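Note sheet for the following structure.
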Amino acid sequence: MFISNAYANTAGAPAGGGTMELIFMLVIFGLIFYFMIFRPQSKRVKEHKNLMSSLSKGDEVLTSGGILGKIAKISDENDYVLLAINETTEITIKKDYIAAVLPKGSIKSL
């Protein structure tokens, strides 16, 4: 009397035609990931490898920690570089921490 009868809905379930849209969205997200993240990062890695291979004694470099120095000794068998900060101070760093090669005379101009 106070409770009405509940009947099952006889209308069919909505069509599941969303698989193509889902695949299309995944492809779009994959392309965005490739062009905005993966490709620029791989270009940066390639440029850094070229920089590491072109290092030579006497180059003035900037480390990722902000230290400026001149390469005093470089060896091919290990990944370390002896960096002369001034006439009396030398430090040993890994090649990977060199961020940029500066033009000749940059340290003297500072």
Side-chain angles (χ1 to χ4, degrees):
M1 183 152 139
F2 293 112
I3 300 173
S4 63
N5 293 334
Y7 298 104
N9 189 359
T10 58
T19 57
M20 287 304 288
E21 289 86 7
L22 179 65
I23 291 172
F24 182 69
M25 287 288 267
L26 288 174
V27 168
I28 294 296
F29 283 130
L31 289 173
I32 289 171
F33 176 78
Y34 177 76
F35 284 109
M36 293 189 74
I37 297 171
F38 183 73
R39 189 167 174 236
Q41 180 65 24
S42 65
K43 285 177 80 175
R44 256 183 256 122
V45 167
K46 188 181 200 181
E47 288 172 1
H48 194 259
K49 281 185 180 181
N50 289 339
L51 174 73
M52 293 300 107
S53 65
S54 69
L55 290 176
S56 63
K57 184 178 177 181
D59 285 345
E60 296 179 0
V61 295
L62 172 69
T63 66
S64 59
I67 298 173
L68 292 172
K70 186 181 280 190
I71 296 177
K73 181 180 172 186
I74 189 167
S75 63
D76 293 330
E77 55 267 358
N78 59 13
D79 290 337
Y80 291 95
V81 173
L82 189 64
L83 196 65
I85 297 172
N86 58 23
E87 290 80 24
T88 59
T89 309
E90 293 180 341
I91 60 172
T92 304
I93 63 167
K94 282 186 63 93
K95 283 183 185 179
D96 299 339
Y97 291 106
I98 295 175
V101 176
L102 302 173
K104 299 283 184 188
S106 296
I107 295 175
K108 297 283 184 192
S109 67
L110 297 175

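Computed from a prediction, not measured in an experiment: that's the story for all the values here.
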Closest non-hydrogen atom pair between Ile74 and Ile71, with its separation: CB-CG2, 4.1 Å

From Lys49 NZ over to Asp96 CG, what is the distance, rounded to the nearest 0.5 angstrom? 10.5 Å

In this structure, CD1 of Ile107 is separated from CG of Leu62 (nearest 0.5 Å) by 9.5 Å

Do Val27 and Phe33 share a hydrophobic cluster (ILVMFWY, side-chain heavy atoms under 4.5 Å, transitive)? yes

Do Tyr34 and Leu26 share a hydrophobic cluster, counting only Ile, Leu, Val, Met, Phe, Trp and Tyr and linking them when any side-chain heavy atoms are less than 4.5 Å apart? no

Per-pair distances, 0.1 Å, donor-acceptor, side chain in residues 99-106, under 3.5 Å, sequence neighbours excluded:
unit_1, atom_1, unit_2, atom_2, d
Lys104, NZ, Gly58, O, 3.0
Lys104, NZ, Asp59, OD1, 3.4
Ser106, OG, Pro103, O, 2.7

Residues two or more places apart in sequence or in another chain: which of them pass side chain to side chain contact (heavy atoms under 4.5 Å, CB included) with [X]?
| X | answer |
| --- | --- |
| Ser75 | Glu77, Asn78 |
| Ile91 | Ile67, Leu83, Ile85, Ile93 |
| Met52 | His48, Leu55, Lys95, Ile98 |

For [X], check side chain to side chain donor-acceptor pair (under 3.5 Å) against everything at least two apart and list the hits.
| X | result |
| --- | --- |
| Thr92 | none |
| Ser54 | none |
| Asn50 | none |
| Ser109 | none |

All pairs passing salt bridge (charged side-chain N to carboxylate O under 4.0 Å, His left out) where residues 80-94 contributes a residue, at least two apart: none

Exercise answer: donor-acceptor pairs, residues 37-45 side-chain atoms, under 3.5 Å, sequence neighbours excluded:
unit_1, atom_1, unit_2, atom_2, d
Gln41, OE1, Arg44, NH1, 2.7
Ser42, OG, Phe38, O, 3.4
Ser42, OG, Arg39, O, 2.9

side-chain hydrogen bond (donor to acceptor under 3.5 Å, both in side chains) contacts in which one or both residues fall within residues 60-70, not counting sequence neighbours: none

